[in-house]
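Below, chains carry the letters A, B, ... as their sequence lines are ordered, and counting in each starts from 1.
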There are 2 protein chains.
Amino acid sequence: MYNFAIKLDNYTFMKRRSLRHNAIREIITNLAISSQDQLIHKLKEKGFDCTQATISRDLKFLRVYRVADEFGNYVYRLTGEVKKRRQGRLDIRHLTDNIKALEFSDKLALLKTNPGYANSVAIIIDQVEPFEILGTVAGDDTILIVAREGVPRSDVRESVFRIFPGMKNRIR
Amino acid sequence: MYNFAIKLDNYTFMKRRSLRHNAIREIITNLAISSQDQLIHKLKEKGFDCTQATISRDLKFLRVYRVADEFGNYVYRLTGEVKKRRQGRLDIRHLTDNIKALEFSDKLALLKTNPGYANSVAIIIDQVEPFEILGTVAGDDTILIVAREGVPRSDVRESVFRIFPGMKNRIR
DNA sequence: TACAGAAATGTATAATTTTGCAATAAAATT
DNA sequence: AATTTTATTGCAAAATTATACATTTCTGTA
């Protein structure tokens, strides 16, 4: 008699390492862990006893990484995890440095930025709410600016320049 | 005479740090860098001279992280970098679960997702390159889908459903 | 220009992570 | 079961990264 389907909901037969890996996944998705030592302690609470070296290998195996969060603290993340929205203090000058071009096509204005900056730049524009601008849609490195009906390009351009004064200096 | 397209390729007025940040982005997207010392050397080749401490701060600022690659080596990655993950059933399934609505306005289609998922979903659409869809712009929770000229809404809808079959079951 | 405050950086050091190697445990083979 | 092979782990040291503090550079203003 053979087994054709093997059920694995019983953790009893799982290897110790696999169990620990699962525990690690669970811990770092629910808690803000910023060092392997912290992880050791949380694991101990769950009954897993191991050294920091083992954790290091586990994290390597699981492709877990450590990255700065929005508050400037380091946290561990699972690969492929969806990143959270970023809010907070944004430096106009810094953002301006990452704006590459302002172009027009029909009634749309496109603000090109360095990769990853579109959202931050668009947030500023949205906060200012210039009369000339109806709304924006930000991708990764491009912002689509929709002008209010009847507003000419030059006005849109000026309103953007009003928000990011540094841009003017970089036009040749 | 007006400028309708404004180019900003003059980096002269950019802060030193911003320039270095750009260089770092470029280096780690193109090369497999596994330590900050390696990065220092590559930066030196590009004319940026700084210490490891500065790099550490730069990487923290840029939300760059280090993770094990498929060969067991550590490499630096940009946050939000496009992953060349296999496009398996599970991924599609998971993403579909995070799609909330498909709406139309004039010639534009808007795909609403849960926060943070717009980019991942848009990447899939871009990869498939359906004939009906000219391109997409992804924000945080909204994707703007631009249809090819003359393509009716129903065709756009069908092409989206073809990519995310699970949608049909959930969206009326 | 001179000055005050803020931002960026280097130095030295602390904190943290990674790894070679030996020991142990687990799995496979005979 | 005994033996061999492979995988996992701890220990200690090396490698790497983060940060406190001092110094320099930058920015805006009088």
Side-chain angles (χ1 to χ4, degrees), chain A residues 6 11-24 27-28 32-44 47-69 71-77 79 88-98 164-170, chain B residues 11-24 27-28 32-44 46-69 71-77 79:
Chain A
I6 300 166
Y11 287 82
T12 313
F13 301 107
M14 211 178 269
K15 283 188 217 165
R16 201 148 46 105
R17 193 177 71 148
S18 289
L19 288 169
R20 193 178 58 241
H21 283 180
N22 285 339
I24 289 174
I27 290 169
I28 67 176
I33 302 293
S34 64
S35 78
Q36 297 181 5
D37 268 331
Q38 280 183 42
L39 197 46
I40 288 179
H41 292 122
K42 291 294 170 192
L43 282 170
K44 196 158 281 174
F48 295 95
D49 209 333
C50 64
T51 64
Q52 176 273 325
T54 296
I55 304 279
S56 173
R57 293 177 182 116
D58 287 347
L59 296 183
K60 183 176 188 177
F61 182 90
L62 293 171
R63 306 265 200 105
V64 167
Y65 60 89
R66 198 168 75 134
V67 67
D69 69 7
F71 308 115
N73 303 312
Y74 288 95
V75 292
Y76 283 95
R77 295 252 174 90
T79 304
R89 298 184 76 73
L90 294 165
D91 174 11
I92 297 281
R93 172 170 287 274
H94 169 66
L95 291 177
T96 305
D97 285 344
N98 287 285
F164 304 101
M167 285 178 68
K168 272 203 285 267
N169 303 329
R170 312 218 322 273
Chain B
Y11 288 82
T12 313
F13 300 106
M14 212 178 267
K15 281 191 213 166
R16 204 149 47 105
R17 193 178 70 149
S18 287
L19 289 169
R20 191 179 59 243
H21 283 179
N22 285 339
I24 289 173
I27 290 168
I28 67 176
I33 302 294
S34 63
S35 78
Q36 298 180 2
D37 269 329
Q38 279 183 43
L39 198 44
I40 288 179
H41 292 122
K42 291 295 170 191
L43 283 170
K44 196 158 280 175
K46 286 177 173 285
F48 295 94
D49 210 331
C50 63
T51 64
Q52 175 269 325
T54 295
I55 305 277
S56 174
R57 293 176 183 119
D58 286 346
L59 296 184
K60 183 177 188 176
F61 183 91
L62 293 170
R63 307 261 204 110
V64 168
Y65 59 88
R66 199 169 73 135
V67 68
D69 70 7
F71 309 114
N73 303 313
Y74 286 96
V75 292
Y76 283 95
R77 295 253 174 90
T79 304

Which part of the nucleic acid does [X] contact within heavy-atom distance under 4.0 Å: base, sugar-phosphate only, or nothing?
X	value
B/S35	sugar-phosphate
B/D58	nothing
A/R66	sugar-phosphate
A/N73	nothing

Point to revise | B/Y76 side-chain proximity, nearest of D/dA20, D/dT17, D/dC11 | key: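 The closest nucleotide is D/dT17.
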Check your understanding: Donor-acceptor pair, A/R63 side chain versus B/A68 backbone, under 3.5 Å?
Key ->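 Present.
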Practice item. For B/K60 and A/G72, indicate whether the former's side chain and the latter's backbone hold a donor-acceptor pair under 3.5 Å. Key: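 Checking the backbone N and O of A/G72 against the side chain of B/K60, a donor-acceptor pair under 3.5 Å is found.
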Interatomic distance, [X] [atom1] vs [N] [atom2] [rounded to whole Å]:
X	N	atom1	atom2	value
B/I24	C/dA8	CD1	P	13 Å
B/L59	D/dA18	CG	C1'	11 Å
A/F48	D/dT8	CZ	C1'	15 Å
B/D49	D/dT25	CG	P	14 Å
B/L62	D/dA18	CG	C1'	16 Å
A/R57	C/dC21	CZ	P	13 Å
A/I55	C/dT19	CD1	C1'	16 Å
A/F61	D/dT8	CZ	P	8 Å

[X] side chain N/O closer than 4.0 Å to the phosphate oxygens (OP1, OP2) of [N]?
X	N	result
B/T54	C/dG10	yes
B/R20	C/dT9	yes
B/Q52	D/dT19	no
B/S56	D/dA18	yes
A/Y65	D/dT17	no

Check your understanding: With A/Y76, which of A/I28, A/V67, A/L39 fulfils side chain to side chain contact (heavy atoms under 4.5 Å, CB included)?
Key ->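 One option only clears the test, and that one is A/I28.
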Exercise for review: Report the residue (A/K60 or B/C50) whose heavy-atom-nearest nucleotide on DNA chain C is the more 5′ of the two.
Suggested key: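 Nearest-nucleotide comparison on DNA chain C picks B/C50.
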**Study point:** Residue closer to the 5' end of DNA chain C, B/Y74 versus B/T51 (nearest nucleotide)
**Key:**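 Closest to the 5' end, via its nearest nucleotide, is B/T51.
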Review point. Step by step, would you call A/I33 with A/R66 a side-chain contact (heavy atoms from CB on, under 4.5 Å)?
Key: CA-CA 9 Å; A/I33 302 293; A/R66 198 168 75 134; over 6 Å; no
Review point. Strictly by modelled atom types, are B/Q38 and B/S34 linked by a side-chain donor-acceptor pair under 3.5 Å?
Key: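 Yes, B/S34 and B/Q38 have a side-chain donor paired with an acceptor closer than 3.5 Å.
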